[in-house]
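Heads up, the thing below is written out as structure tokens.
When a residue number appears, it is its place in the shown sequence, counting from 1.
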Amino acid sequence: MTFSKFVKYVLSVVLISILVVVTINVHINEFGLFGNVKGKPIRIYTEERTSKYLLSFNWIPQNFDAVLFGPSYSDIEMDTRKLEGLSVYNLSMNGANISELKYPLENVIKSNRLKVIIVCLSPYLTKDSGKKTNAIDPREYWSTLGSLFTLKYYLKKHLALSDVDKDPFRDSWFGFRHNEYNVYENYDVKKEIEARHKQMVDGKYNIKIDTKAIQELGDVLDLARMHDIKILAYYYPAHKKIFETQQYQVEIKKYRSQVEELLTPDDIVIDFNTEEFNYIRDDYETFSDGSHLSPVGGNRLIMVIQEFINRHNLDTL
């Protein structure tokens, strides 16, 4: 075999191998990127940011008419499978800010298939701007057809299926996520909240507000309104003992004054930090640590959100 024929042979083998890999990945359609995927069951196995971003292109719009978004405070223990009337995907991401969340949000909003977006208004969402990792990148769309990411994904999926007990995404069919590896089981919630209370009393607390992040949140809400999507926003609850300290009041008022400028009278707003919700915010069982929700707290918030869905007939939009 001449060198020229050898090169052609190698190139042919490589090309055929690439075509086979691409064909297999298109057929498996792990992230529901291609074709009609209505009813296709998909869950997360690894890389929450990348997975939810990829699902937002096609699969989420075809299977859901609403999304919940926010950082870990609405990601962990907020099981949107329990909501009735609307099919709500939990698009929240652990550790994410609005700069990262806007990528999948723009995809699902522009699909023109959503009725409602539910936003968790937590200072964490707008405390900084810019992507924190490379996990969300438009190039990931085509990388699913065959790349190191694809290989890593299948490996992680295999490991998750092999050891379900250590899989933090084992119940992630609607984007829902348990407390990872039950890391909060050993937390003394009362002790954590007391420590945060002392921090407030000592004046060692401030809420960071990033101007660009506030603008990006406003842009997302405006985009939703342009597509006739109803906005249901809720202020995330802080434990009553923390919320009522002078230092927290000073900081939260600065935050809320900027957020309120982004909302309109047509938006539905739930304030979990009012007396009406003392049964939630004044109970240690609501939290798994000093701030994140426990399963009890998650269920309580879901029940209130359900009440507002029913009250405002959001399921009939």
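Ring-plane geometry between Y279 and F277 is classed as tilted, the angle between the planes lying from 30 to 60 degrees on a 0 to 90 degree scale. Using the six-membered ring where Trp is involved, H239 and F287 have ring planes that are tilted, between 30° and 60° apart.
At most 12 heavy atoms of other shown residues, nucleotides or ligands fall within 6.0 angstrom of atom NZ in K156. Around NE2 of H312, the count of heavy atoms belonging to other residues, nucleotides or ligands within 6.0 Å exceeds 12. Other residues, nucleotides and ligands contribute only 12 or fewer heavy atoms inside 6.0 Å of the NZ atom of K190. No more than 12 heavy-atom neighbours from other residues, nucleotides or ligands sit within 6.0 angstrom of CD on Q246. With a 6.0 Å radius and a threshold of 12 heavy atoms from other residues, nucleotides or ligands, N134 has its CG atom at or below the threshold. Within 6.0 Å of the NZ atom in K132, the count of heavy atoms belonging to other residues, nucleotides or ligands exceeds 12.
Checking side-chain atoms of S87 against main-chain N and O of D65 turns up no donor-acceptor pair under 3.5 Å. Using a distance-only test at 3.5 Å, with no hydrogens or angles considered, no donor-acceptor pair links the side chain of T245 to the main chain of M200. When atom types are taken as modelled, the side chain of Q247 and the backbone of Y205 share a donor-acceptor pair closer than 3.5 angstrom. The closest donor-acceptor contact from the side chain of N299 to the backbone of P295 lies under 3.5 Å. In this structure a side-chain-to-backbone donor-acceptor pair under 3.5 Å is missing from D289 to E192. With E48 contributing its side chain and N94 its backbone, the two residues share a donor-acceptor pair below 3.5 Å. A donor-acceptor contact shorter than 3.5 Å links the side chain of S56 to the backbone of Y53. Looking only at distances, no side-chain donor or acceptor of N97 sits under 3.5 Å from a matching main-chain atom of L125. Looking at K127, its side chain never comes within 3.5 Å of a backbone N or O of I209 through a donor-acceptor pair. N58 contributes a side-chain N or O that, together with a main-chain N or O of G32, makes up a donor-acceptor pair within less than 3.5 Å.
For the atom pair CG (L314) and CD1 (I309), the distance works out to 6.0 Å, reported to the nearest 0.5 Å. Between I117 atom CD1 and L221 atom CG the span is 5.5 Å, to the nearest 0.5 Å. Here the straight-line distance linking atom CD of Q62 with atom CZ of R113 works out to 5.0 Å at 0.5 Å rounding. Atoms CG and CD, on D188 and E194 in that order, are 9.5 Å from each other to the nearest 0.5 Å.
At least one test fails for K52 against the ring of F31: distance under 6.0 Å to the centre or angle within 45° of the axis.
A donor-acceptor contact under 3.5 angstrom links the side chains of N90 and S92, judged on distance only. D210 and S129 form a side-chain donor-acceptor contact under 3.5 Å, judged by distance and modelled atom types alone.
Judged as a salt bridge (Lys or Arg N to Asp or Glu O under 4.0 Å), the pairs with a partner in residues 85-105 (not counting sequence neighbours) are, in order, R49-E100, K102-E216. Applying the salt bridge (Lys or Arg N to Asp or Glu O under 4.0 Å) definition to pairs two or more places apart or across chains, those involving residues 290-317 are D283-R300.
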task = Let me see the working for D202 and Q199 under side-chain hydrogen bond (donor to acceptor under 3.5 Å, both in side chains), right down to the final yes or no.
result = CA-CA 5 Å; D202 293 342; Q199 184 184 27; over 6 Å; no
ask   = Given Y248 and F243, is the ring-ring contact (aromatic ring centres under 6.0 Å, His included) satisfied, shown in steps?
value = CA-CA 6 Å; Y248 192 86; F243 185 83; 5.7 Å; yes
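With Y73 as the partner, the ring pair (Phe, Tyr, Trp, His ring centres under 6.0 Å) test is satisfied by one option alone out of Y234, Y236, Y235, F272: Y236.
Between V220 and I109, some side-chain heavy-atom pair lies under the 4.5 Å cut-off. The closest side-chain heavy-atom distance from R177 to S172 is not below 4.5 Å. Looking only at side-chain heavy atoms (C-beta outward), L91 and L105 come within less than 4.5 Å of each other. Side-chain contact between K38 and N63: present, with at least one pair of heavy atoms (C-beta onward) separated by less than 4.5 Å. Side-chain contact between R196 and S291: present, with at least one pair of heavy atoms (C-beta onward) separated by less than 4.5 Å. Using a 4.5 Å heavy-atom threshold, the side chains of D163 and D167 count as separate. Inter-residue side-chain proximity for W59 and L33 is flagged as unmet; no heavy-atom pair is nearer than 4.5 Å. The side-chain heavy atoms of R281 and T274, taken from C-beta on, include no pair separated by under 4.5 Å.
A pairwise comparison of heavy atoms in L121 and A233 identifies CD1-CB, 3.8 Å as the closest pair. When all heavy atoms of E77 and L293 are compared, the closest pair comes out as CG-O, 3.6 Å.
Aromatic rings of Y154 and Y45 (six-membered ring for Trp) have centroids beyond the 6.0 Å cut-off, not under it.
By the rule that hydrophobic residues join a cluster once side-chain heavy atoms approach within less than 4.5 Å of another member, I280 and V296 end up as members of separate clusters. In terms of hydrophobic clustering, with Ile, Leu, Val, Met, Phe, Trp and Tyr side chains grouped at heavy-atom distances under 4.5 Å, I242 and V250 are assigned to different clusters.
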